[in-house]
K.L.:
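Please find one structure pasted underneath; my questions will follow.
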Protein chains: 2
Amino acid sequence: MKPPGGRTPVMADVARLAGVSHQTVSRVVNGHPNVREETVLRVRDAIEELGYHRNSTARALVTRRTNVLGVIAFDPTLFGPAQTLAGIERAAREAGYFLSMVSLDDVSPEGVVAAADYLIQQSVEGCVAIAPQRALVEALAALPGPGPLVAVEGGEGSGLPVVCVDQAQGAHDAVRHLLDLGHTTVHHVEGDPLWLESAARVVGWRRALEEAGAPVPEPLQGDWSPRSGYELGLALVRRRASGERVTAIFVGNDQMAIGVLRALHEADLHVPGDVSVVGFDDIPEAEYLTPSLTTVHQDFAQVGRESLALLLAEIAREGSADPAGAARRVVPARLRVRGSSGPPPP
Amino acid sequence: MKPPGGRTPVMADVARLAGVSHQTVSRVVNGHPNVREETVLRVRDAIEELGYHRNSTARALVTRRTNVLGVIAFDPTLFGPAQTLAGIERAAREAGYFLSMVSLDDVSPEGVVAAADYLIQQSVEGCVAIAPQRALVEALAALPGPGPLVAVEGGEGSGLPVVCVDQAQGAHDAVRHLLDLGHTTVHHVEGDPLWLESAARVVGWRRALEEAGAPVPEPLQGDWSPRSGYELGLALVRRRASGERVTAIFVGNDQMAIGVLRALHEADLHVPGDVSVVGFDDIPEAEYLTPSLTTVHQDFAQVGRESLALLLAEIAREGSADPAGAARRVVPARLRVRGSSGPPPP
DNA sequence: CTGAAAGCGCTTACAG
DNA sequence: CTGAAAGCGCTTACAG
């Protein structure tokens, strides 16, 4: 018993079939009290019979709530952003929100404005940005935004609420681990220096060295890719050949670490016999590399949950008289010791 | 000059400021002809001054078009699905659509129905499902769906329009490559046997062997994880130790291939000197593994574009009298020969 | 416990 | 070239 004309059934069709007014259907659909039990049943039957779904567009128009959250991702093909995105999606769904996704082709202010416009057009109730670069965070912070905004890995000082992994602590733990094994210093192949995560890892690496009174070699700047890890690994091999003592390398992510391992292997250097290598991220394959890779694990699912919780809190605060105060939630990083790190050669 | 009360400005506010009716504002916003040049300018200025954005909810209600497409992903933390998702997002944005994303926690029919309901509630105009398992495709095909539906990697026989990489051809090329190197047969570590991609790769592998008149060993069933690759690699090492000739292994994906390489290394078997290994996917790190991994590249961006194009075609066809006819677009796979494959030992 | 009225912010004919 | 009217499918007061 579809409505006449094969249209998608609307509330009025359900009302007619159940012999009530459409307001009563609305009450049933929204679980309001004060509807006779028998009426509820009749309405439910009619809904089932017609295959009725409430039109969320009409609902959103009158309630002024779209129930949609936005997510802006910088490059969702990368490991970290993809994991974070998945975490946010799940958390949004569990919180009863829909999720609209937009990715950024670059971090230009124009690109950010376009992405925000895209979400504003959809009347999202708030959004979380996977915002790994300073330029991006600044463009976002300057925005007459699409409602409350949470920046994942957004760094400090932007005024935006932020959820991030404790990159500096993770890096610190990694370097401390290598120093504890007896290395006199630790070289660093960092990721793309434009990324806040890269900068934070550099900070943690440097602090651990300074605390131990170890010399701080100049970090080598990569771009997160295995290729850059390989090339910078070759550079370190050359420095080693010219007499510099390079026994431990902390690499900004696991993919670059794979490149570094490759470079060391080509130079016939053993890991960890000659050189120890520690990565960052704990990609699924890290444990099964040869040797298995000591690395720092990030709980991306937790980051997703925290950012959604923070966003919902911001949305709830909106309009209320509560003070702003840029919140900051930090998820700990965890060192995973595996086969690529060991004591230095004698 | 914000509207009174600090509300979000609406079309009527723009109209008032520009001294026209709200219909004229609508005409300008929608680029209709027949508006005096000077009026257009006045309206544009008012829009700018107020920071007006058209309310897409109200627009959707009257046009009956939400401009939203849905995407159902099975596990967006996996490499392939994440890449495909990114490709779809970009294609949707370029086509002027918004994208709502929902992931599936499992492939149960209930889960699929819940995900579809989720998208139906949002009145998506159509959706693409990253549907790598047969159970999932079947549940989707049985659905009184959320409009037109395209299944990525959806296999055959479901009646759904499908976009997929030519997995069988990719596998065939990989095996052919190994046979051409002189191997008398090729063992296969397959991915999760519930996945259609896994099945298609098995088909291509088997066909290449049969065409060459080579013996067809029983494939070993994994689950895509590096761990399963490692364990099945150990199993092959044992079979080799007990006299079976194992000189070439075609592995269902690169992550499992990493596990296989690890198992071979532990058994002191050289790659490719003793055993050749070929993977599938061409993850970014494949080229920098030791040895660099021969593998089969999939163009996920192309898959994203093709699925969106197909979906838009289905949406356009909807309502028109054109025949259905489950379309099928196949993206070629490309073998990338690297260091992990070579001639068999004498 | 239930229904008649108004209105959310737009677009689409219809007039002029 | 521009405006007055109607209506998309709901929810929210307001009556009864």
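Order of the sequence lines sets the chain letters (A, B, ...), proteins ahead of strands, with each chain counted from 1.
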K.L.:
Under the side-chain hydrogen bond (donor to acceptor under 3.5 Å, both in side chains) definition, can you give me all pairs with a residue in residues 127-141 of chain A, not counting sequence neighbours?
P.N.:
none
K.L.:
Can you see which heavy atom on A:A95 is nearest to which on A:L308, and at what distance?
P.N.:
CB-CD2, 3.9 Å
K.L.:
Could you list, one pair per line, each protein nitrogen or oxygen that sits under 3.5 Å from a nitrogen or oxygen of nucleotides 13-16 of chain D, together with the distance?
P.N.:
none

K.L.:
What donor-acceptor contacts under 3.5 angstrom involve side-chain atoms of residues 67-76 of chain A, with partners at least two apart or in another chain?
P.N.:
residue : atom : partner : partner atom : Å
A:N67   : ND2  : A:G96   : O            : 3.0
A:D75   : OD1  : A:T77   : N            : 3.0
A:D75   : OD1  : A:T77   : OG1          : 2.7

K.L.:
Is there any ring pair (Phe, Tyr, Trp, His ring centres under 6.0 Å) pair reaching into residues 13-32 of chain B, and which pairs are they, with sequence neighbours excluded?
P.N.:
none
K.L.:
Could you tell me which residues satisfy side-chain contact (heavy atoms from CB on, under 4.5 Å) with A:Q23, sequence neighbours excluded, listed by chain and number?
P.N.:
A:S21, A:R27
K.L.:
Where is the tightest heavy-atom contact between A:L136 and A:I130, given as atom of each residue plus distance?
P.N.:
CD2-O, 4.0 Å
K.L.:
Report the residues that fulfil salt bridge (Lys or Arg N to Asp or Glu O under 4.0 Å) with A:R93, sequence neighbours left out, ordered by chain and then residue number.
P.N.:
A:E89, B:D105
K.L.:
Hydrogens and angles aside, do A:S56 and B:Q122 bring a side-chain donor and acceptor to less than 3.5 Å of each other?
P.N.:
no
K.L.:
Once you round it to whole Å, what is the distance between C1' of C:dT12 and NE2 of B:H32?
P.N.:
9 Å
K.L.:
Sequence neighbours excluded, which residues qualify as salt bridge (Lys or Arg N to Asp or Glu O under 4.0 Å) partners of B:E94?
P.N.:
B:R90
K.L.:
Enumerate the protein-to-nucleotides 8-10 of chain D contacts in which both atoms are nitrogen or oxygen and the separation is below 3.5 Å.
P.N.:
residue : atom : partner : partner atom : Å
D:dC8   : O3'  : B:R64   : NH2          : 2.9
D:dG9   : OP1  : B:R64   : NH1          : 3.1
D:dG9   : OP1  : B:R64   : NH2          : 2.7
D:dG9   : N2   : A:A58   : O            : 3.4
D:dC10  : OP1  : A:Y52   : OH           : 2.7
D:dC10  : OP2  : A:M11   : N            : 2.9
D:dC10  : O5'  : A:Y52   : OH           : 3.3

K.L.:
Among A:I315, A:V162, A:L310, exactly one meets side chain to side chain contact (heavy atoms under 4.5 Å, CB included) together with A:V150. Which residue is that?
P.N.:
A:L310
K.L.:
Can you name the residues that form a ring pair (Phe, Tyr, Trp, His ring centres under 6.0 Å) with B:Y118, not counting sequence neighbours?
P.N.:
A:F98
K.L.:
With sequence neighbours excluded, what pairs up with B:R59 under the side-chain contact (heavy atoms from CB on, under 4.5 Å) test?
P.N.:
B:N30, B:R54, B:T63
K.L.:
Expected output is a numbered-order residue list: members of residues 39-48 of chain A with a heavy atom under 4.0 Å from any atom of DNA chain C. What is it?
P.N.:
A:T39
K.L.:
For DNA chain C, which ranges pair as stems of 3 or more consecutive Watson-Crick or G-U pairs, with both donor-acceptor distances under 3.5 Å?
P.N.:
C:1-3 with D:14-16, C:5-12 with D:5-12, C:14-16 with D:1-3
